[in-house]
Amino acid sequence: MYVLGVETSCDETSVSIVKDGSIVLANEVLSQIDIHKDYGGVVPEIASREHVKGITYVFDQAMKKAGIKYQDLGLIAVTKGPGLIGSLLIGVNAAKVISLNYDIPIVGVHHIAGHIYANHIEHPMEFPLLALVVSGGHTELVLMKEHYSFEKLGETQDDAVGEAYDKIARVLGLAYPGGPIVDKLAHEGKDVFDFPRPMIDSDDFNFSFSGLKSKVINTHHNLKQRQLEIIPEDFCASFQEAVTDVLVSKTIKAKTIYKVKQIIVAGGVAANSGLRTKLKNKITDVPVYFPRMNYCTDNAAMIAVAGYFQYLTNKKTDDLMLNGHSRLNLEG
Ligand code: KG4
Ligand code: ZN
């Protein structure tokens, strides 16, 4: 079955064609990063306008690359939330037009389900599995006992990990999005600050990154005020060590309690090399999988894969009342 995926929840306009839930025939992504960079973050109003400008082109490119016709599609899967409402609506409406015009069933997909299913493209899921979801808007540990069943074990109580990366990068004067740059600089510095590892010993699977973020920012201000040397690489290394220690420690705790068969990492921060290395080094008894780099950040292939399994599992489709939702619960 050919599934058309559509993703416009933030600042990437993406359309993908995936065959039988894992064979990616096309995954076109039009990124707006260069436009939002000037503002130090995503400007929602600009994001929606850019989606409007780019969406038809991205649809055309994806169809051309896949070499199929709309009539060949078995399903359309579109991100319905969470995300920027103005951006979501562009993708949802474009998907509904194709669904109506060619009479193809449509399903609205949760963005985080998409990030989780990005792993299935190269590593078939085995249950029970544990998903560590780390993105610009989410930080959570999710248990899956079967396809399309999500049990949230814990989540951040304040900032998402990607958000903390981006804020620290801003204070250090680095470009947006800061996560990949902090990751790169971290390898050139040393963990000299020994920042706190928030909630590392708590009994639950929740996280908190805003205190750590404030500690990093205050330390930076303090050095600046005293006109002492600031080595951005050391800030990046110290922050990354603290964050990854917490993420890895909680993942190991959940793995042991729930006796999972595999661990998968999902979301933009799954691209982080420090996290990849630490998880791989510390967990050797079960496989730890990460999506390929281009499937870590927002893309429509992951939405097509998730939509396929959602359709097979729930046997339900949406109708033309399908809408975008800025907030949406993964557990349904
Ligand atoms: O999943 P994503 O593309 O968008 C959301 O759904 O939020 O994640 C984007 C986030 C940004 O905060 C970005 O800075 C972060 O992922 N990110 C990274 C890395 N690559 C992307 N954070 C740390 N290290 C990286 N290598
Ligand atoms: Zn995302």
Side-chain angles (χ1 to χ4, degrees), residues 5-14 16 27 29-33 36-37 40-42 44 47 78-84 87-88 91 109-119 131-140 142 155-156 159-172 174-189 209 212-213 216 235-237 239-244 246-248 264-279 290-303 305-306 326-328 330:
V6 183
E7 156 65 41
T8 63
S9 67
C10 191
D11 59 344
E12 262 98 25
T13 316
S14 182
S16 177
N27 184 42
V29 184
L30 195 64
S31 173
Q32 306 173 6
I33 282 182
H36 298 290
K37 227 176 206 163
V42 177
V78 57
T79 307
K80 64 174 176 180
L84 302 171
S87 294
L88 288 164
V109 173
H110 194 289
H111 182 74
I112 294 303
H115 275 302
I116 292 174
Y117 271 89
N119 281 280
L132 171 65
V133 180
V134 277
S135 77
H138 293 258
T139 306
E140 49 208 40
V142 177
E155 64 189 327
T156 183
D159 287 6
V161 64
E163 190 182 354
Y165 262 97
D166 293 341
K167 282 187 187 156
I168 278 153
R170 207 167 167 165
V171 171
L172 293 173
L174 308 172
Y176 175 84
I181 309 172
V182 172
D183 185 12
K184 189 168 167 282
L185 293 185
H187 295 284
E188 294 158 27
F209 295 106
L212 168 62
K213 178 194 71 187
V216 177
F235 270 91
C236 295
F239 173 70
Q240 184 144 305
E241 280 304 313
V243 164
T244 52
V246 176
L247 292 173
V248 172
I264 61 180
V265 189
V269 186
N272 186 270
S273 59
L275 179 62
R276 285 178 175 240
T277 309
K278 204 172 274 184
L279 275 173
F290 302 83
R292 196 182 279 211
M293 288 297 184
N294 56 324
Y295 299 132
C296 283
T297 42
D298 292 348
N299 67 88
M302 67 185 198
I303 302 301
V305 178
S326 54
R327 297 167 70 92
L328 195 63
L330 176 65

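Read the numbers this way: they start at 1 and go in the same order the structure lists the ligands and their atoms. Fair warning: this is a prediction, and the values are worked out from it, not measured in the lab. We number each residue from 1, following the sequence as shown.
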Requested in this report: Could you grab the distance from atom CG of Asn27 to atom OH of Tyr295, nearest 0.5 Å is fine?
Outcome: 5.0 Å
Report task. Using modelled atom types only, decide if a donor and an acceptor are shared between the side chain of Thr8 and the backbone of Ser87 within a distance under 3.5 Å. Result -> yes
**Report entry** Stepwise side chain to side chain donor-acceptor pair (under 3.5 Å) test for His115 and Ser135
**Finding:** CA-CA 9 Å; His115 275 302; Ser135 77; 5.2 Å; no
Report task. Say whether, by atom type as modelled, one donor and one acceptor occur between the side chain of Asp11 and the main chain of Val42 under 3.5 angstrom. Result -> no
Report summary line: Tested for side-chain contact (heavy atoms from CB on, under 4.5 Å) against Val248, the lone hit among Leu132, Val243, Leu275 is Leu275
Requested in this report: Please assess Gln240 against Asp183 for the test side chain to side chain donor-acceptor pair (under 3.5 Å), listing each intermediate value before the final yes or no.
Outcome: CA-CA 7 Å; Gln240 184 144 305; Asp183 185 12; 3.0 Å; yes
Query raised in the report: Taking the Zn ion (ligand 2) as the center, what protein N, O or S atoms are found at less than 2.8 Å?
Result: His111 NE2, His115 NE2, Asp298 OD1
Requested in this report: Please check if atom CZ in Arg276 has more than 12 non-hydrogen atoms from other residues, nucleotides or ligands closer than 6.0 Å.
Outcome: yes
Query raised in the report: Are the side chain of Asp166 and the backbone of Gly179 linked by a donor-acceptor contact shorter than 3.5 Å?
Result: yes
Query raised in the report: Do any N or O atoms from the side chain of Ser14 and from the backbone of Ala300 form a donor-acceptor pair under 3.5 angstrom?
Result: yes
Report task. Would you check ligand 1 and list the protein residues that come within less than 4.0 Å of it by any heavy atom, ordered by chain and number? Result -> His111, His115, Ser135, Gly136, Gly137, Gly162, Tyr165, Asp166, Pro177, Gly179, Pro180, Asp183, Gly267, Gly268, Val269, Ala271, Asn272, Thr297, Asp298
